[in-house]
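I have placed the structure first, in the form of structure tokens, so that the comments after it can refer back to it.
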Amino acid sequence: MSSKQPPAETGRNDFIRAMVVSDLESGKYGGRVATRFPPEPNGYLHIGHAKSICLNFGIAEEFGGTCNLRYDDTNPETEDERFADAMAEDIRWLGYEWTQKLHASDCFEQMYEWAEQMIREGKAYVDSQTLDEMRASRGTVTEPGRNSPYRDRAVEENLDLFRRMRAGEFPDGAHVLRGRADMAHPNMLMRDPLLYRIRHAHHYRTGDEWCIYPMYDYAHCLEDAIEDITHSLCTLEFRNNREVYDWVLDAVGIEHPRPEQTEFARLNLDYTVVSKRKLIQLVDGEFVDGWDDPRMPTIAGLRRRGVPPEAIRTFCDMIGVADVDGRVDYGKLEFAIRDTLNWTAPRRLCVLDPLRVVITSYPENAVEWIDAPEFPHDVGKPGSRRMPFTRELWIERADFMEEPVRKFRRLSPGVEVRLRNAYVVRCDEVVKDPATGEVVELRCTHDPDTLGANPADGRKIKGTIHWVSADHSLPCEVRLYDRLFSVPNPDDVEEGASFTDHLNPESRIVVTGARIEPAVADDPAGTRYQFERTGYFASDPVTSEPGSLVFNRIVPLRDSWAKRARVT
RNA sequence: UGGCCCGUGGUGUAAUUGGCAACACGCCUGACUCUGGAUCAGGAGAGUCCAGGUUCGAACCCUGGCGGGCCAACCA
């Protein structure tokens, strides 16, 4: 792809879209396509959710359908408005807009009425067993369960009890409402599924209006039905729930055509975790600096790191959708990021580990403002910034070797290199600290005819290095981020170990003495750049300020030199 | 051990539904280059988990194995 346009309409043809197409052709839903993204507002959205968002909103876009944002807020104990708001922000940032924003809690009354209807029709009953009794009578995967002693309560008694549950007459755990399905069903989830539990807890939206709350298996399908969803997409681990989904719909009398559940594989990404539980542990255990730590796989973390939303959507397109579990190369995300940034991020020069260079042939107080293009020729986008060239410069310490290794194309004694966007210089003298022997300064001469031109005598310059003016460059802090974990699958831990044992100790390296060219001073925080030869960076939206600049590394550049060095 | 689901290059997905296994990432060569980036050209890498069967023909259908995932929260 890259220079070409993304595959757009030719690309996406997964089994779900194929199903949508076939439903459209058969007229099953009268030409309607309605999806929804149904997060529980109990944490932050992550890259795995992004896959689901791209799928649901993407399908709606492609087929002229609708996609709702629906909060599955049926568990008051874990949910919070701040999570809900952050989720909405993340979805918008990804570039999607919902048709309607809805809440399961808006439907509590309707769900309650359906529950009473089920009771009246003998399809649900109030069970008064304790949690342990219920667990014991549910059986196991190989043995059938036993009917609850309360299973045959009279309708009137069930109704009375259920109403009193709602009225708050009972403490948590005293009773539950159960569907009368089949305690011997081979699918454990069908053994009289719990429909309602008592929970005297404050709900962030309904307050104390309710003290009974519907369970996922009861609420989710009904929410879908109320919203007139056509394709209810969820991840593979809900496969067994589908039977309950259909059972509940039947029980309350939802007629066809009605929402149908289809499962797809959740995203597993190398070198990170995407389970909410583990993400919470990382935050609470202060292994990271919060939900938006740039190392987190959360949308907020990726955003803070500087990853553009288009890159995440490109990534989701690349990985596709299937019903097979797997895990995706971290490199694929990096590719998607580089591929969008290469065409959008203006170039700057930044020296991470400065080594002083004095151009002895250049006048003492002269300043030359060089016009340097924002993008290289092959990107072909207009624009330029001005770079001050002076007698004293900083270059990258790693770009000099007193005794160069084979194929080293940078600076060494007697060798010429191109200073990016400026002159060709030659290293004449190496100044060392007499005490330590450390190289402290390079004394070079420049070829004054090589600004914007190759040497007139035709000699070839084999390397180009980056630099900044010693006087005009700005000090800055640069945070080099790497993968959060040092193993591809942190979920795979041996007995007694924790996934946090595999945290990469070098996932963040803070460089404090870096110097950057002045043409970033007035940019708003969050601006993305390519620091040439180094990587893609963005100023940190939280901590970077005009006087004290902070840059986050989004992703390094591909580096075939480093790769060669590693191999040989 | 019961039920449900899934096995295609290193990775992620395709294969017009029974017709020469394709695309992307990654990897390797080379060209080009004022980024060891980008771009361009080329290459290696699976015979589709295994064994049978049906068929002129099977990744696709059937049977049996093997391997993996999910399910016994008053979570979602």
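In the text below, chain A, chain B and the rest are named by the order of the sequence lines, each starting its count at 1.
- Here, B/C50 and B/U11 have their P atoms 15 Å apart, quoted to the whole Å.
- Distance check on atom C1': B/U33 versus B/A38 gives 9 Å, rounded to whole Å.
- In this structure, A/Arg138 has no salt bridge (charged side-chain N to carboxylate O under 4.0 Å, His left out) partners at least two apart in sequence or on a different chain.
- Contact annotation for A/Glu79: no contact, since no heavy-atom pair falls under 4.0 Å across all strands.
- Atom C1' of B/A22 sits at a distance of 11 Å from the matching atom of B/U8, rounded to the whole Å.
- A distance of about 46 Å separates the P atoms of B/G52 and B/C40, rounded to the whole Å.
- The two residues A/Pro388 and A/Arg386 make their nearest non-hydrogen contact at CD-O, 3.9 Å.
- Side chain of A/Ser560, nearest nucleotide from B/C6, B/C34, B/G37: B/G37.
- Applying the 4.0 Å criterion to OP1 and OP2 of B/U35, one finds that A/Thr534 has every side-chain N and O outside that range.
- In this structure, A/Arg347 forms no cation-pi arrangement with A/Phe375, as its terminal cationic atom is not both closer than 6.0 Å to the ring centre and no more than 45° off the ring axis.
- If you take atom C1' in B/G19 and the same atom in B/C75, they sit 50 Å apart, rounded to whole Å.
- Across all strands, A/Asp270 comes closer than 4.0 Å to no nucleic acid atom at all (heavy-atom distances).
- Of the P atoms belonging to B/G18 and B/C62, the separation is 11 Å, rounded to the nearest Å.
- Ranking B/U33, B/G10, B/C74 by closeness to the A/Asp329 side chain, first place goes to B/G10.
- Contact between the side-chain N/O atoms of A/Arg533 and the OP1/OP2 oxygens of B/U33 is not found at any separation under 4.0 Å.
- Qualifying ring-ring contact (aromatic ring centres under 6.0 Å, His included) partners for A/His185, counting only residues two or more places apart in sequence or in other chains: none.
- If you check B/C25, B/A76, B/C28 against the side chain of A/Met318, the one that comes closest is B/C25.
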- Query: What string of B, S and - do you get for nucleotides 14-19 of chain B, 5' to 3', when a contact is any protein heavy atom under 4.0 Å?
  - Reply: S-----
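- Put simply, A/Lys563 has a side-chain N or O that comes within less than 4.0 Å of OP1 or OP2 on B/C27.
- B/C32 and B/C49 have their C1' atoms separated by 44 Å, with the value rounded to a whole Å.
- OP1 or OP2 of B/A73 has not a single side-chain nitrogen or oxygen of A/Arg197 nearer than 4.0 Å.
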Any protein N or O atoms within reach of nucleotides 21-23 of chain B? Criterion: under 3.5 Å, listing atom names and distances.
none

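- Taking 3.5 Å as the limit, the base of B/G36 and the side chain of A/Arg410 contain a donor-acceptor pair of atoms between them.
- Residue A/Gly463 is classed as having no contact, given no heavy-atom separation below 4.0 Å to the nucleic acid.
- Of the candidate nucleotides B/C6, B/A76, B/C34, B/C6 has the atom lying nearest to any side-chain atom of A/Asp323.
- Aromatic ring orientation, A/Phe389 versus A/His446: tilted (interplanar angle from 30° to 60°).
- Remark: aromatic rings of A/Phe264 and A/Phe15 are distant, center separation not under 6.0 Å.
- Residues passing the side-chain hydrogen bond (donor to acceptor under 3.5 Å, both in side chains) test with A/Glu143, sequence neighbours excluded: none.
- Heavy atoms of A/Gly173 sit under 4.0 angstrom from at least one base atom.
- Nucleic acid contact for A/Thr74: sugar-phosphate only, since backbone atoms but no base atoms lie under 4.0 Å from a heavy atom of the residue.
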Close N or O pairs between protein and nucleotides 68-72 of chain B (under 3.5 Å):
residue : atom : partner  : partner atom : Å
B/G69   : O2'  : A/Asp325 : OD2          : 3.3
B/C70   : O2   : A/Asn240 : ND2          : 3.1
B/C71   : O4'  : A/Asn240 : ND2          : 3.2

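- Within 6.0 Å of atom NZ in A/Lys381, more than 12 heavy atoms from other residues, nucleotides or ligands are found, so the atom counts as buried in its surroundings.
- Partners of A/Arg483 by side-chain hydrogen bond (donor to acceptor under 3.5 Å, both in side chains), not counting sequence neighbours: none found.
- In this structure, A/Tyr44 has its ring center under 6.0 Å from that of A/Phe83.
- No contact: A/Tyr330 has no heavy atom under 4.0 Å from any strand.
- When each of A/Ala265 and A/Gln530 is assigned the nucleotide of RNA chain B bearing its nearest heavy atom, the one mapping closer to the 5' terminus is A/Ala265.
- Within the 4.0 angstrom heavy-atom criterion, base atoms lie near A/Lys407.
- Across all strands, A/Ala336 comes closer than 4.0 Å to no nucleic acid atom at all (heavy-atom distances).
- In summary, the aromatic rings of A/Phe551 and A/Phe531 are positioned with their centroids under 6.0 Å apart.
- A/His466 pairs by the ring-ring contact (aromatic ring centres under 6.0 Å, His included) definition with nothing, not counting sequence neighbours.
- In terms of position along RNA chain B, the nucleotide closest to A/Arg558 lies nearer the 5' end than the nucleotide closest to the other residue of the pair A/Asp172 and A/Arg558.
- A glycosidic torsion no more than 90° from 0 defines the syn conformation, and B/U17 adopts it.
- Contacts of A/Phe400 classified as ring-ring contact (aromatic ring centres under 6.0 Å, His included), with partners at least two apart in sequence or in another chain: none.
- Taking the C1' atom of each, B/G53 and B/A14 are spaced 28 Å apart, rounded to whole Å.
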Report, one line per pair, each donor and acceptor closer than 3.5 Å where one atom sits in a side chain of residues 210-220 of chain A; sequence neighbours left out.
residue  : atom : partner  : partner atom : Å
A/Tyr213 : OH   : A/Ala201 : O            : 3.2
A/Tyr213 : OH   : A/Trp210 : O            : 3.2
A/Asp217 : OD1  : A/Asn241 : ND2          : 2.8
A/Asp217 : OD2  : A/Asn241 : ND2          : 3.4
A/Tyr218 : OH   : A/Met111 : O            : 2.7
A/Tyr218 : OH   : A/Ala115 : N            : 3.0
A/His220 : ND1  : A/Asp72  : OD2          : 2.8
A/His220 : NE2  : A/Arg36  : NH1          : 2.8
A/His220 : NE2  : A/Arg70  : NH2          : 3.3

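- For B/G47, the glycosidic angle deviates from 0 by 90° or less, giving a syn base.
- For the pair A/Asp399 CG and B/U35 C1', the interatomic distance rounds to 11 Å; values are reported in whole Å.
- Using a 4.0 Å heavy-atom criterion, one finds that A/Asp378 contacts the bases of the nucleic acid, with or without backbone contacts as well.
- Ionic pairing of A/Glu81 and A/Arg205 is not present here: no N-O contact between side-chain nitrogen and carboxylate oxygen is shorter than 4.0 angstrom.
- Residues satisfying the ring-ring contact (aromatic ring centres under 6.0 Å, His included) test with A/Tyr245, not counting sequence neighbours, are none.
- Atom CG of A/Asn421 sits about 6.5 Å away from atom CG of A/Leu349, to the nearest 0.5 Å.
- Counting to the nearest Å, the C1' atom of B/C4 and the OH atom of A/Tyr245 are 18 Å from each other.
- Counting only Watson-Crick and G-U wobble pairs whose two key distances fall under 3.5 Å, RNA chain B forms stems of three or more stacked pairs at B:2-7 with B:66-71, B:10-13 with B:22-25, B:27-31 with B:39-43, B:49-53 with B:61-65.
- When rounded to the nearest whole Å, the span between CG of A/Asn241 and P of B/C5 equals 14 Å.
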